[in-house]
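Following: one structure in structure tokens, then a few remarks.
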Amino acid sequence: MTSTASPQIRAFPADAEAAASRAAPAAGAAPKISFVSLGCPKALVDSERILTHLRAEGYELARKHDGADLVIVNTCGFLDSAKAESLAAIGEAMAENGRVIVTGCMGAQPEEIREKYPALLAVTGPQAYESVLAAVHEAAPPAHDPFVDLVPPQGIKLTPRHYAYLKISEGCHNRCSFCIIPSLRGDLVSRPAADVLREAEKLVKAGVKELLVVSQDTSAYGLDIRYAESPWRDRQVRARFYDLTRELGELGAWVRLHYVYPYPHVDEVIPLMAEGKVLPYLDMPLQHASPSVLKRMRRPGNQERQLERIRSWRAACPDLAIRSTFIVGFPGETEAEFEELLEWLKEARLDRVGCFEFEPVAGAAANALGAPVPPEVKAERKRRFMETQNVIALRLQRAKVGRRMPIIVDAVEGGVARGRSKADAPEIDGTVHASFRRPVRVGDIVTVKIDRAEAYDLYGSVT
Ligand code: SF4
């Protein structure tokens, strides 16, 4: 799984709001669009692209639904809970504005949305930028004289200025039995390496300090285009996971790899991490550790010898932080299979772990693969899983007390800087809280001496 394990990241366009407040409200000027972005980082990237196009055409961004010319809701449809959240956001937009365009993953199932909200202006599916733009043009034609020069070259970012998600491909060529993303987003379509690198370079020039590489399956990058070469600077770069990672590592920003599956060639990027070219961080959603459950899940990547590989990665790169997500209560999961997972977890000692109870997403093959696990059993397994992980995480975190480490600052409030170490991705991992004496600004990378540790967060002072 990729983002599918964490589809509930909810991003209101904070930066867009700031842009809206900066834009001069000229009389009779461009139509105003209110935008809601739900779902995973990949959906956030889609939102950014739509907003960038609209701003390029002169549209303005509204702070509120009320008073905007129309509202766009970019939905997430992976889990039923995410669908419910999307439907609620659409309902809110209908109540407060009434002129609403829906896009994103849930837009691939328009009947379900139209049944509830028949008066929507348009419903378009994921990756359908043109359809969203066409619907906006029809409902609120762009102003005659677009403010093209208001668009920063790096586009509109919904993330804070100092980090940005970099989407390297769309879709997925896997067919995990619990997931309907391939039917929503289609098969893998990789961007040429030079295209990704140009975007990354623009972002870094615009002040981005951390690039978060996302896709549905990052280590499969380039497979669909046979790892084609494209011209970048004075050389040709192949659309291959290692080659792209190496080049990104040359841009002078932190590079964090998300949704990496344990294919054998992942071993190749570990030396880049050990050399400090990219962050020693792997977000590797494993979902389970019992071979029989993994088989029913139809997970990509050879899970055998996984522990051995993790050990060898750590030997080559001792600071490597591994994040993963797991599903408990998969149909037919027995107590023995669950205990296999717990034992694996104790051995693997992963740094960051998320756990989700299986949800039978409509249309997923998994629903018919075994008897449903009763809700109380799922909840109990999740509790035991997280208790086990908390003990591991606390031990790993305590080993950091006394160390000095670089922290990227995300917020400064009340004399405390809140940021992240190289082992912490935004939104999903822990926070480092640091007191400081000299001025510290958002986006700075400072050295912090760690004094105290909790299972997720660290505390210390800027040196
Ligand atoms: S099918 Fe693709 S998107 Fe879905 S969980 Fe598997 S790897 Fe992730």
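For ligands, and for the atoms within them, numbers begin at 1 and follow the listed sequence. Bear in mind the structure is a predicted one, so any value in this text is a computation, not a measurement. Residue numbers count from 1 along this sequence.
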Where on Y261 is there a heavy atom closer than 4.0 Å to ligand 1, on the side chain, on the backbone, on both, or on neither?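 The side chain, only.
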
Can you tell which part of D217 has a heavy atom less than 4.0 Å from ligand 1: side chain, backbone, both or neither?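 Within the 4.0 Å criterion, D217 makes no contact with ligand 1.
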
Mark up the atoms of ligand 1 that fall under 4.0 Å of a heavy atom belonging to P182, in ascending order.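 Contacts of ligand 1 toward P182, numbered from 1: 1 (S).
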
Under 4.0 Å from a heavy atom of R299: which atoms of ligand 1 are those, numbered in the order shown and with their elements?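 Close to R299: 5 (S), 6 (Fe).
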
Salt-bridge test for [X] and [Y]: reply yes if a basic N is under 4.0 Å from a carboxylate O, no otherwise.
| X | Y | result |
| --- | --- | --- |
| E250 | R246 | no |
| E138 | R99 | no |
| E247 | K277 | no |

Nearest candidate to atom 4 (Fe) of ligand 1, where distance is taken over non-hydrogen atoms, out of C179, S177, C176: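 Shortest heavy-atom distance from atom 4 (Fe) of ligand 1: C179.
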
List in chain and number order the residues that pass side chain to side chain contact (heavy atoms under 4.5 Å, CB included) with P372, two or more places apart in sequence or in another chain; answer none if no residue qualifies.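 Checked P372 against side chain to side chain contact (heavy atoms under 4.5 Å, CB included); zero matches.
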
Take N390 and Y456, measure what side-chain hydrogen bond (donor to acceptor under 3.5 Å, both in side chains) needs, and give me the verdict at the end. CA-CA 9 Å; N390 281 347; Y456 297 99; 2.9 Å; yes

